[in-house]
Amino acid sequence: MRRRILKGLAASGLAGIAASSGYARFIEPFNYEITYTEIPIRDLPTEFDGFRLVQITDLHHSRIVPREEIARVIDLVRGLDGEMIVLTGDFTTARRRYIEPCAELLSALSAPEGVWAVLGNHDHYTDPELTARALARAKINVLNNANTLIRRKTATLQLIGIDDWSWGATDWARAFKGIDRRRPSILLSHQPRVFDMEETQGVSLILSGHTHGGQVSLPLIGAPARFAKEFRYIAGLYERHGTRMYVSRGTGMVGIPVRIGARPEISVISLRRSTV
């Protein structure tokens with residue numbers, strides 16, 4: 001009897017492990033969550049109150065994130081009626097052959113105030129020049145250490161994009177040239193680590209990715225990745241001295257082809273006027 005009980009427990013345990021493994025490999029990685037976050041922006045012009053941005057990050061088109069999943073993400077984004085779409089890097093993982101197909105799929109995106117992008121660390125690992133050219137051909141505006149103004153009537157919102165910090169590609173002076181730190185601004189940065197840097201002080205909102213929410217987040221423990229300095233800001237909204245940052249979990253995977261406890265995310269950000 002005891003032996004049968006032990007065998008039964010062992011079989012149940014193995015079945016549970018198999019079920020968990022199957023979920024982490026085949027279900028959660030493609031169970032996209034659309035999150036909605038309202039973020040107060042001090043002195044935001046009334047014309048931009050309620051302005052709706054949709055953020056995609058870390059697509060990681062690769063062998064483990066196939067074309068069909070990139071297309072699914074894009075279809076979901078197209079149904080969200082974003083007034084602006086921002087892409088915060090890591091379009092592919094490590095193979096040049098995925099760059100142009102990914103950009104071709106992204107060409108289906110459009111928004112009244114444009115589609116804007118910055119590059120991530122994996123884009124540098126793969127081929128940053130080819131990635132930037134492919135995105136430009138797809139009518140996506142790459143803010144490579146540059147800024148622009150989003151206009152509504154006579155009101156403006158400053159939009160800044162920096163190249164990937166971890167590859168030493170960030171040129172702060174060039175990116176912030178002409179920016180008025182006293183006026184509302186949004187910074188696109190693949191790396192959330194820039195939140196701690198002096199150069200980002202005074203920015204109203206930083207939109208980042210990179211972390212995948214840890215990609216694996218365990219009950220009681222959380223995401224083991226958060227113990228690394230690089231992943232200090234793992235997911236969600238952070239605030240310091242008037243600067244806010246939203247870190248999206250992104251939609252793709254890198255390394256092991258699993259997600260668990262860190263569902264892939266498409267972020268919808270609504271800006272709200274604030275006087276504090």
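The model shown is predicted, which means the values in this text are computed figures rather than measured ones.
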With side-chain contact (heavy atoms from CB on, under 4.5 Å) as the criterion, how do Ile186 and Leu207 come out once you've worked through the C-alpha distance, each side chain's angles and the decisive distance to 0.1 Å? CA-CA 7 Å; Ile186 298 174; Leu207 297 177; 4.2 Å; yes
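- Under a 3.5 Å cut-off, the side chain of Thr211 and the backbone N or O of Ile234 do form a donor-acceptor pair.
- A donor-acceptor contact closer than 3.5 angstrom is absent between the side chains of Gln55 and Ser248.
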Please assess Ser185 against Ile160 for the test side-chain contact (heavy atoms from CB on, under 4.5 Å), listing each intermediate value before the final yes or no. CA-CA 7 Å; Ser185 57; Ile160 310 155; 4.1 Å; yes
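- When atom types are taken as modelled, the side chain of Glu104 and the backbone of Ala138 share no donor-acceptor pair closer than 3.5 angstrom.
- Under the 4.0 Å criterion applied to side-chain N and carboxylate O atoms, Asp58 and Arg249 are not assigned as salt-bridge partners.
- Hydrophobic clustering (side-chain heavy atoms under 4.5 Å, transitive across Ile, Leu, Val, Met, Phe, Trp, Tyr) keeps Leu143 apart from Ile56.
- By the ring pair (Phe, Tyr, Trp, His ring centres under 6.0 Å) test, His122 pairs with His60, sequence neighbours left out.
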For Thr35 and Glu33, run side chain to side chain donor-acceptor pair (under 3.5 Å): C-alpha distance rounded to whole Å, both residues' side-chain angles, the deciding distance at 0.1 Å, then the answer. CA-CA 6 Å; Thr35 60; Glu33 180 180 10; over 6 Å; no
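- By the rule that hydrophobic residues join a cluster once side-chain heavy atoms approach within less than 4.5 Å of another member, Tyr125 and Trp165 end up as members of separate clusters.
- A distance-only check finds a donor-acceptor pair linking the side chain of Arg181 to the backbone of Gln201 [under 3.5 Å].
- Within 6.0 Å of CZ on Arg263 lie more than 12 heavy atoms contributed by other residues, nucleotides or ligands.
- Between Phe48 and Phe51, the ring planes are perpendicular. Angles over 60° get that label, and only those under 30° would be called parallel.
- Counting heavy atoms from C-beta outward, Arg52 and Tyr36 have side chains that approach closer than 4.5 Å.
- Each of Thr57, Leu159, Asn147 was compared with Leu188 under the side chain to side chain contact (heavy atoms under 4.5 Å, CB included) criterion, and only Leu159 meets it.
- In the hydrophobic clustering of this structure, Met84 does not group with Val142; members are Ile, Leu, Val, Met, Phe, Trp, Tyr whose side-chain heavy atoms approach within less than 4.5 Å, directly or through other members.
- Looking only at distances, a side-chain donor or acceptor of Thr243 sits under 3.5 Å from a matching main-chain atom of Val203.
- Atom CZ of Arg95 sits in a sparse spot, with 12 or fewer heavy atoms from other residues, nucleotides or ligands closer than 6.0 Å.
- The residue from His210, His190, Gln191 that alone fulfils the side chain to side chain donor-acceptor pair (under 3.5 Å) condition with Ser166 is Gln191.
- When the salt bridge (charged side-chain N to carboxylate O under 4.0 Å, His left out) test is applied to Arg272, the partners found at least two apart in sequence or on another chain are Glu38, Asp49.
- To the nearest 0.5 angstrom, Ile85 atom CD1 is 8.5 Å from Leu80 atom CG.
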Show your reasoning for whether side-chain contact (heavy atoms from CB on, under 4.5 Å) applies to Asn144 and Leu119. CA-CA 8 Å; Asn144 189 8; Leu119 301 187; 5.7 Å; no
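- A continuous path of Ile, Leu, Val, Met, Phe, Trp and Tyr side chains, each step under 4.5 Å between heavy atoms, connects Ile256 with Ile221, placing both in one hydrophobic cluster.
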CA sep, side-chain torsions, deciding dist, call: Leu130, Arg133, side-chain contact (heavy atoms from CB on, under 4.5 Å): CA-CA 5 Å; Leu130 178 59; Arg133 289 197 304 271; 3.8 Å; yes
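- Crowding of Arg151 atom CZ: a count of heavy atoms from other residues, nucleotides or ligands under 6.0 Å not exceeding 12.
- Here the side chains of Leu205 and Leu271 are in contact, with some heavy-atom distance below 4.5 Å.
- Side chain of Arg273 to backbone of Leu44: a donor-acceptor contact under 3.5 angstrom is found.
- Listed for the Asn145 side chain is a donor-acceptor partner under 3.5 Å among the backbone atoms of Ala169.
- With Asn121 contributing its side chain and Asp90 its backbone, the two residues share no donor-acceptor pair below 3.5 Å.
- The cluster map of Ile, Leu, Val, Met, Phe, Trp and Tyr, joined by side-chain heavy atoms under 4.5 Å apart, puts Met245 and Val54 in different clusters.
- Ring geometry for His124 against Trp167 counts as parallel: the plane angle stays under 30°, on a 0 to 90° scale with 60° as the upper cut.
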